[in-house]
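Read the numbers this way: they start at 1 and go in the same order the structure lists the ligands and their atoms.
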Amino acid sequence: MIDAPPPADLRLRAATDADARAIWTVHTRAIRISAASHYTEDELDAWVNRMQPESYLGPLHTRRLIVAEMPGPEGPRIVGFGQLHPDEAVIEAIYVDPDWERQGIGTALVKALEDDVRARALPWVVSDASLNAVPFYLAQGFRQVALDHHELAPGVHIACAVMEKHLPAPPSAEPPPR
Ligand SMILES: CC(C)(COP(=O)(O)OP(=O)(O)OC[C@H]1O[C@@H](n2cnc3c(N)ncnc32)[C@H](O)[C@@H]1OP(=O)(O)O)[C@@H](O)C(=O)NCCC(=O)NCCS
């Protein structure tokens, strides 16, 4: 497991409707560039074509959607995002802009979503990870439990890895009964 700190000026916050286009930009760039190591051009096309900036407006209200921001010359810039299905404890997305990879931003996003799951006293968190992201999830303490497939478009299926992590309950504040 890793414990490198994220950049000191990284800020995580809840996403808003105004962030939809920036989230879409990060999402599509991460797929095109970072997932290209494990998927074909046709698969990447089908994956990217599923989403538009408006695609995030629904999840903004039904999911826990957070963004990672870094300061820039023109103001804060969204460099990553994460999406959690809070009731089912499923991490549905963690994406970091390729220009900002390997700086601890993905780790910071996962930790924030795990904190949400813990706050609901749910003991497990799961994710269907793209194959390129498996080493990242392993570094977060997840284990791979299966391989699966997602249908991106009629006839286009991509392999993914089902990852899970046990979240032990925090020690009780109450002293144990005598
Ligand atoms: C996977 C992803 C979210 C990782 O984000 P990140 O900010 O680069 O991750 P971190 O910097 O927090 O990485 C933490 C650790 O994970 C591991 N890791 C991350 N990316 C890795 C890679 N490409 N190869 C091997 N190990 C990797 C390393 O152990 C890393 O620690 P280190 O940099 O000190 O070696 C990012 O690469 C991404 O968006 N990829 C494309 C989109 C995607 O597939 N997302 C998952 C969909 S479910």
Visitor: Below the 3.5 angstrom mark, is there an N/O of Y95, backbone or side chain, next to an N/O of ligand 1?
Guide: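 No; every N/O pair is 3.5 Å or more apart.
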Visitor: Using a strict threshold of under 4.0 Å (side-chain N to carboxylate O), is an ion pair present between D45 and R32?
Guide: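 Yes, this pair counts.
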Visitor: Would you tell me which option among P135, A108, S130, G106 has the nearest heavy-atom contact to atom 47 (C) of ligand 1?
Guide: S130
Visitor: Purely on distance, is any nitrogen or oxygen of R102 under 3.5 Å from one on ligand 1?
Guide: yes
Visitor: Is it the case that N132 and S130 place a side-chain donor and acceptor less than 3.5 Å from each other?
Guide: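 There is such a pair (donor and acceptor under 3.5 Å, judged by atom type) between the side chains of N132 and S130.
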Visitor: Kindly assign one of parallel, tilted or perpendicular to the pair Y56 and F81, based on the angle between their ring planes and the thresholds 30° and 60°.
Guide: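 It falls in the perpendicular class, over 60°.
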Visitor: Examine ligand 1 and decide if any of its atoms is less than 4.0 Å from a heavy atom belonging to G104.
Guide: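 The answer is yes, since G104 has a heavy atom less than 4.0 Å from ligand 1.
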Visitor: Would you please classify the geometry between the W47 ring and the Y95 ring as parallel, tilted or perpendicular, with 30° and 60° separating the classes?
Guide: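 Perpendicular, since the angle between the ring planes exceeds 60°.
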Visitor: Under 4.0 Å between a side-chain nitrogen and a carboxylate oxygen: does that hold for R77 and E69?
Guide: no
Visitor: Measure the acute angle between the ring planes of F142 and Y137, then classify it against the limits of 30° and 60° as parallel, tilted or perpendicular.
Guide: perpendicular
Visitor: Pick one of side chain, backbone, both or neither for how W47 approaches ligand 1, counting any non-hydrogen atom pair under 4.0 Å.
Guide: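 Neither; no heavy atom under 4.0 Å.
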Visitor: Check whether any N or O atom of I94, backbone or side chain, sits under 3.5 Å from an N or O atom of ligand 1, and answer yes or no.
Guide: yes
Visitor: Below 4.0 angstrom, N of the basic side chain to O of the carboxylate: do R63 and E88 qualify?
Guide: no
Visitor: State whether the shortest distance between N or O atoms of Q140 and N or O atoms of ligand 1 falls below 3.5 angstrom.
Guide: no
Visitor: Identify, by atom number and element, the atoms of ligand 1 in contact range of Q103, meaning under 4.0 Å from any of its heavy atoms.
Guide: 11 (O)
Visitor: If you measure from atom 9 (O) of ligand 1 to every heavy atom of Y39, F136, W100, which option wins on shortest distance?
Guide: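 It is F136 that holds the nearest heavy atom.
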